[in-house]
Chemist: 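This is the structure I want to talk about, given as C-alpha cells.
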Amino acid sequence: MPHSIPDNNLELELQERVTQALANGTALAIAGGGSKSFYGQPIEGEPLELGLHTGIIDYDPAELVITLRAGCKLADVEALLAENNQMLGFEPLHLGKNSTIGGVVASGLAGPRRAWAGGVREFILGAKIISGRGEIMNFGGRVIKNVAGFDVSRLMVGAHGTLGVILEVSLRLIPCFETEQTLGFEHSSSQEHIGWINALSSKPIPLSASLWHTGRSTIRLSGSHQGVASAARQLGGEKEQDIWPGLRQQKHEFFTAEGTILRLSLPQTCEKFLSEEIEMIEWGGALRWMRGDSDLQALRQAAEKLNGSVCVYRGAGVDTEVFQPIGKPMMRLHRSLKSSFDPAGILNPGRLYPGL
C-alpha cells in the first residue's frame with residue numbers, strides 16, 4: 001500500500017523565516033541533524049532548523065520512488081525501505097544518528113557503492129526548495145521519466161544549501177540484492193591495488209564496493225546467490241566480515257584517529273599520485289584518503305592537472321580553503337546560479353567559496 005502523510009504548516013513558517021531574513025539582510029545557517037557540520041567552510045548566520053520538517057510525502061514500493069521531507073532521519077528512512085526489500089542505491093554515509101535526507105542531498109556524499117551504482121545526483125528525481133527570494137519552488141517530479149526542462153533538482157546535490165532551503169526530495173530506489181559477500185586479498189601497494197581493481201572492473205563480476213588499506217584489498221560482491229557464488233569461486237581470496245557499514249558510518253580506524261583528513265577525487269585509473277603515500281582508497285581508485293600535514297597547494301595543482309580535486313574533509317584551519325579552488329569561468333557560472341536563486345546571498349553564505 002502507498003505510504004503518505006498530509007502537508008504540515010512548518011513549510012510556511014520556514015518560508016516566512018527566509019522572507020524576513022531577506023528583508024533584514026540577515027544571513028541564515030541551514031541546519032538539519034548537524035551530522036555534517038564539519039564539512040565545508042564555517043557559516044556565520046541565524047540558524048534555520050529543518051530537523052522537525054519530517055514525514056514521508058509519498059511512497060509506493062511498486063513505483064521504486066519515495067518523496068519525503070528534508071528533516072527525515074536517514075536511519076528511519078532506510079528501515080522503512082528495508083521492510084519492503086528496497087534501498088537507496090547510492091548508499092549514503094551515516095555520519096551519526098541524526099543524519100537527515102536533506103543533509104544527504106545537500107552534501108552529496110555517497111558511500112561504498114558509488115562507483116558502481118552512481119551518486120546522489122543520479123538518484124534524485126525532484127526537489128522542492130525555498131529560494132533566497134523567499135519563493136517555494138518545485139523542480140522535477142516523482143516519476144523516473146521526467147525529463148522536461150533543466151534538471152534543477154540535481155543542482156541541489158552538493159550545493160550545501162547555498163542555492164535553496166531543501167524542503168522535499170524525490171529519490172529513485174533499487175531492490176535489495178539477494179546476497180552479498182566480502183572478500184579480502186593481499187596487495188602491498190596502492191598502485192598494485194588500483195591496477196588490479198580496474199582490471200577486475202572490466203570483467204562481468206558483480207562488484208559493488210572496494211577498499212584498499214594498509215596492504216589489504218577488500219571487495220564486495222552483490223547480486224543473485226548463483227552469480228555471487230560463481231564470482232567468488234573465480235576470484236578466490238578470503239571471506240571477510242561486512243566492513244561496509246563501518247565505512248558508511250566512518251567508524252573505520254582511519255576516520256577515528258585525530259588530525260586533518262584530505263579527500264582526493266582522482267581518475268580511477270591513476271595508479272601513482274606524486275610521491276605522497278595514499279592511506280586508503282575507495283571506489284576502485286576514484287576516491288582516496290590521506291591524513292596529516294601535506295603540501296595542500298602541491299596536491300591541488302597535481303590533482304587539477306588530472307581533472308581531479310582535493311578537499312580538506314576534516315580539520316581545516318581557519319584560513320584554509322576546504323574545497324578545490326575553481327577557475328574564473330567556473331566561478332562566474334557559480335555566481336550566476338547563486339544570483340538566480342539567492343541574489344541577496346543570505347543562504348549559507350560562504351559555505352562553498354567566498355561570495356557564494
Chemist: Kindly say whether the aromatic ring centers of Trp196 and His187 come within a distance under 6.0 Å.
Modeler: yes
Chemist: After noting the C-alpha distance and the side-chain angles of Val228 and Glu180, does the key distance pass the side chain to side chain contact (heavy atoms under 4.5 Å, CB included) rule?
Modeler: CA-CA 7 Å; Val228 168; Glu180 294 186 321; over 6 Å; no
Chemist: Do Cys311 and Val322 have side-chain heavy atoms sitting under 4.5 Å apart?
Modeler: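 In short, these two side chains touch, coming nearer than 4.5 Å.
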Chemist: Hey, could you give me the OG1/CG distance between Thr182 and Asp242, rounded to the nearest 0.5 Å?
Modeler: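 So the OG1 of Thr182 and the CG of Asp242 are separated by 5.0 Å.
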Chemist: With a 4.5 Å cut-off on side-chain heavy atoms, are Ser217 and Ile197 touching?
Modeler: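 No, every pair of side-chain atoms sits at 4.5 Å or beyond.
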Chemist: Report the distance from atom OG of Ser170 to atom CG of Asp58, rounding to the nearest 0.5 Å.
Modeler: 8.0 Å
Chemist: Would you call Glu282-Arg263 a salt bridge at under 4.0 Å N-O?
Modeler: no
Chemist: Give every residue pair that meets the ring pair (Phe, Tyr, Trp, His ring centres under 6.0 Å) criterion with at least one member in residues 69-109, sequence neighbours excluded.
Modeler: Phe90-Phe123
Chemist: Is there a side-chain contact between Glu253 and Met280 in this structure, where contact means two heavy atoms from C-beta onward sitting under 4.5 Å apart?
Modeler: no
Chemist: Kindly check if the number of other-residue, nucleotide or ligand heavy atoms within 6.0 Å of CD (Glu178) is above 12?
Modeler: yes
Chemist: Do Trp244 and Ile205 share a hydrophobic cluster (ILVMFWY, side-chain heavy atoms under 4.5 Å, transitive)?
Modeler: no
Chemist: Show, in sequence, the C-alpha distance, side-chain angles and deciding distance for Glu240 and Leu183, and conclude whether the side chain to side chain contact (heavy atoms under 4.5 Å, CB included) test is met.
Modeler: CA-CA 5 Å; Glu240 294 196 354; Leu183 299 173; over 6 Å; no
Chemist: Indicate yes or no for a side-chain donor-acceptor contact from Glu304 to the backbone of Gln301 under 3.5 Å, with no hydrogens or angles considered.
Modeler: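 Not confirmed, Glu304 side chain does not pair with Gln301 backbone.
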Chemist: What distance do Leu266 atom CG and Ile278 atom CD1 have between them, rounded to the nearest 0.5 Å?
Modeler: 7.0 Å
Chemist: Within the side chain of Gln324, is there an N or O that forms a donor-acceptor pair under 3.5 Å with the backbone of Arg300?
Modeler: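 Such a contact is found between Gln324 side chain and Arg300 backbone.
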Chemist: Tell me the ring pair (Phe, Tyr, Trp, His ring centres under 6.0 Å) pairs involving residues 329-348, sequence neighbours left out?
Modeler: none
Chemist: With heavy-atom distances below 4.5 Å as the criterion, would you say the side chains of Leu64 and Arg172 are in contact?
Modeler: no
Chemist: Mind listing the closest non-hydrogen atom pair of Ala303 and Ser309 along with its distance?
Modeler: CB-N, 3.8 Å
Chemist: So do the side chains of Lys36 and Ser99 get within less than 4.5 Å of each other, counting heavy atoms only?
Modeler: yes
Chemist: Answer yes or no: is there a donor N or O on one side and an acceptor on the other, between the side chain of Tyr313 and the main chain of Leu264, under 3.5 Å?
Modeler: no
Chemist: Minimum heavy-atom separation for Leu296 to Val312, with atom names?
Modeler: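 Heavy atoms of Leu296 and Val312 come nearest at CD2-CG2, 3.7 Å.
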Chemist: Identify the heavy atoms of Arg113 and Ser222 that sit nearest to each other, and give their distance.
Modeler: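 Closest approach of Arg113 to Ser222: NH1-OG, 3.5 Å.
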Chemist: Taking the side chain from Arg133 and the backbone from Leu22, do they hold a donor-acceptor pair closer than 3.5 Å?
Modeler: no
Chemist: Can you tell me if Ser339 uses its side chain to pair, donor with acceptor, with the backbone of Arg335 under 3.5 Å?
Modeler: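 Yes: the side chain of Ser339 pairs with the backbone of Arg335.
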Chemist: Could you go step by step and tell me if Leu299 and Met290 meet the side chain to side chain contact (heavy atoms under 4.5 Å, CB included) rule?
Modeler: CA-CA 11 Å; Leu299 287 174; Met290 294 174 56; 4.2 Å; yes
Chemist: Measure from the side-chain N and O atoms of Gln268 to the backbone N and O of Gly285, and report whether any donor-acceptor pair falls under 3.5 Å.
Modeler: no
Chemist: Between Phe323 and Leu352, is the side chain to side chain contact (heavy atoms under 4.5 Å, CB included) condition met? List the steps.
Modeler: CA-CA 7 Å; Phe323 299 104; Leu352 287 172; 3.8 Å; yes
Chemist: Between Tyr59 and Gln86, is any pair of side-chain heavy atoms under 4.5 Å apart?
Modeler: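 A side-chain contact exists here, since the closest heavy-atom pair is under 4.5 Å.
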Chemist: Starting from Val104, can I reach Met87 by hopping between I/L/V/M/F/W/Y residues whose side chains sit under 4.5 Å apart?
Modeler: yes
Chemist: Of the non-hydrogen atoms in Ala29 and Ile43, which two are nearest, and what is the gap between them?
Modeler: CB-CG2, 4.0 Å
Chemist: Determine whether a donor-acceptor pair (N or O, by modelled atom type, separation under 3.5 Å) exists between the side chain of Lys338 and the backbone of Thr162.
Modeler: yes
Chemist: Do Leu235 and Ile219 have side-chain heavy atoms sitting under 4.5 Å apart?
Modeler: yes
Chemist: What closest approach, in Å, do Leu125 and Leu171 show between heavy atoms, and which atom pair accounts for it?
Modeler: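 Taking every non-hydrogen atom into account, CD1-C, 4.3 Å.
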Chemist: Measure the CD1-CD1 distance between Ile166 and Ile30 for me, rounded to the nearest 0.5 Å.
Modeler: 8.0 Å
Chemist: Between Glu11 and Lys128, does any NZ, NE, NH1 or NH2 come within less than 4.0 Å of an OD or OE carboxylate oxygen?
Modeler: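 Salt bridge present between Lys128 and Glu11.
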Chemist: Within the distance-only criterion (no hydrogens, no angle test), does the side chain of Ser340 pair as donor or acceptor with the backbone N or O of Ser336 below 3.5 angstrom?
Modeler: yes
Chemist: Is there a side-chain contact between Pro354 and Gln41 in this structure, where contact means two heavy atoms from C-beta onward sitting under 4.5 Å apart?
Modeler: no
Chemist: For a ring pair (Phe, Tyr, Trp, His ring centres under 6.0 Å) with Trp289, tell me which candidate from Phe255, Trp283, Trp212 qualifies.
Modeler: Phe255
Chemist: Rounded to the nearest 0.5 Å, what separation is found between the CG atom of Leu109 and the CZ atom of Arg248?
Modeler: 12.0 Å
Chemist: Find out if a path of hydrophobic residues (ILVMFWY) with successive side-chain heavy-atom gaps under 4.5 Å connects Val105 to Ile174.
Modeler: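 Same cluster: Val105 reaches Ile174 through Ile, Leu, Val, Met, Phe, Trp or Tyr contacts under 4.5 Å.
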Chemist: Using the ring of each side chain (for Trp, its six-membered ring), is Tyr39 parallel, tilted or perpendicular to His160, with breaks at 30° and 60°?
Modeler: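 Rings of Tyr39 and His160: tilted, 30 to 60°.
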Chemist: Which heavy atom in Glu44 sits nearest to a heavy atom in Ala27, and how many Å separate them?
Modeler: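 Nearest heavy atoms, Glu44 then Ala27: O-CB, 3.6 Å.
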Chemist: Does the Glu279 side chain pair with the main chain of Arg291, one donor and one acceptor, at a distance under 3.5 Å?
Modeler: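 Indeed, once roles are kept as given, a pair shorter than 3.5 Å links the two residues.
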Chemist: Find out if a path of hydrophobic residues (ILVMFWY) with successive side-chain heavy-atom gaps under 4.5 Å connects Phe177 to Leu88.
Modeler: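 Cluster IDs for Phe177 and Leu88 match.
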Chemist: For the CD atom of Glu168 and the OG1 atom of Thr67, what is their distance to the nearest 0.5 Å?
Modeler: 7.5 Å
Chemist: Tell me whether Ile101 is reachable from Leu155 by hopping between hydrophobic residues (I, L, V, M, F, W, Y) whose side-chain heavy atoms are closer than 4.5 Å.
Modeler: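 Same cluster: Leu155 reaches Ile101 through Ile, Leu, Val, Met, Phe, Trp or Tyr contacts under 4.5 Å.
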Chemist: So, Asn348 side chain and Arg351 main chain: donor-acceptor pair closer than 3.5 Å or not?
Modeler: no
